[in-house]
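In what follows, a single structure is set out as structure tokens and then discussed.
For this chain, numbers begin at 1 and follow the sequence in order.
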Amino acid sequence: MTPLDDRLTGLWDSAPLEQGAMETSALVFLPDGRGWSRFESFSSELSVGRFRWSCPGPGLLELRYTWRVDGQWGTDSEGFAAVDHSGPDDQLIRTGYRVDGGAPSPSGPCGAGGADTLTLGHPVEFAHAFARRRRPVGPADDPSAAVVPYPPGPGTTPGS
């Protein structure tokens, strides 16, 4: 069994840490070792890379990309309005990482915590730092799911 760090599971977004940026990046780590990275720009570029993730050692994160979809995002949806390229990807990213708990927010109520942050030693989708987004995510949230559906796993239904 490949070791995973449960603290990584969920949605991580660069936008809260890059105020005024013209592009954003996000990472999603599912508890079963699947995940995806997302890059989108103000000019409507959208790129999604699916990966298998693991933590082969303390503070070490490995992303083994399996598929990439590039195109333009649509104004009416979270997915692709047009796909320019969709195909296998064999990129491997191995990087150090650190997860820090949220610091008190100066604009929040007294004692309120800020978002957890994930800091990477090597950029993923052009970003080194990501803030945790507190909402449930699953394979159906992947913008490329409509382009290339996830194959059903043993004992699961498609899209679960």
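For the atom pair CD (Glu40) and OG1 (Thr24), the distance works out to 4.0 Å, reported to the nearest 0.5 Å. The distance from atom OG of Ser47 to atom CD of Gln72, rounded to the nearest 0.5 Å, is 11.0 Å. Rounding to the nearest 0.5 Å places CG of Asp5 at 9.0 Å from CG of Leu61.
Minimum heavy-atom separation, Asp32 to Arg52: O-NH2, 3.2 Å. Of all non-hydrogen atoms in Leu46 and Gly79, the two that sit nearest each other are CD2-O, 3.8 Å. Heavy-atom minimum distance, Leu4 versus Ser54: CD2-CA, 3.8 Å. Shown here for Trp12 and Arg7, the closest heavy-atom pair between the two residues is CZ2-O, 3.5 Å. For Gly121 against Thr95, the heavy-atom pair with the smallest separation is N-OG1, 3.1 Å. Taking all atoms of both residues into account, the shortest heavy-atom contact from Leu17 to Ala131 is CD1-N, 3.8 Å.
The hydrophobic cluster containing Phe39, built from Ile/Leu/Val/Met/Phe/Trp/Tyr side-chain heavy atoms closer than 4.5 Å, also comprises Phe126.
Side-chain atoms of Asp141 come within 3.5 Å of backbone atoms of Gly138 as a donor-acceptor pair (strictly under, hydrogens ignored). Proximity of a side-chain donor or acceptor of Trp73 to a complementary backbone N or O of Pro143 within less than 3.5 Å is not detected. In this structure, Gln19 contributes its side chain and Pro16 its backbone to a donor-acceptor pair below 3.5 Å.
By the 4.5 Å heavy-atom criterion applied to side chains, Leu27 and Leu118 are counted as neighbours. Side-chain contact between Ser37 and Tyr65 is present, with heavy atoms from C-beta onward closer than 4.5 Å. Counting heavy atoms from C-beta on, the side chains of Asp142 and Val28 never come closer than 4.5 Å. Between Leu63 and Val124 the shortest side-chain heavy-atom distance falls below 4.5 Å.
A side-chain donor-acceptor contact under 3.5 Å links Ser144 and Arg50.
Separation of the Phe130 and Tyr97 ring centroids does not fall under the 6.0 Å cut-off.
Of the candidates Leu8, Leu60, Asp6, Leu8 is the only one forming a side-chain contact (heavy atoms from CB on, under 4.5 Å) with Cys55.
Within the structure, the salt bridge (charged side-chain N to carboxylate O under 4.0 Å, His left out) test picks out the following pairs touching residues 61-75 (sequence neighbours left out): Glu62-Arg64, Glu62-Arg94, Arg68-Asp89, Arg68-Glu125. Applying the salt bridge (charged side-chain N to carboxylate O under 4.0 Å, His left out) rule to pairs touching residues 13-31 yields Asp13-Arg133, sequence neighbours excluded.
Ring geometry for Trp53 versus Phe29: interplanar angle over 60°, hence perpendicular rather than tilted (30 to 60°).
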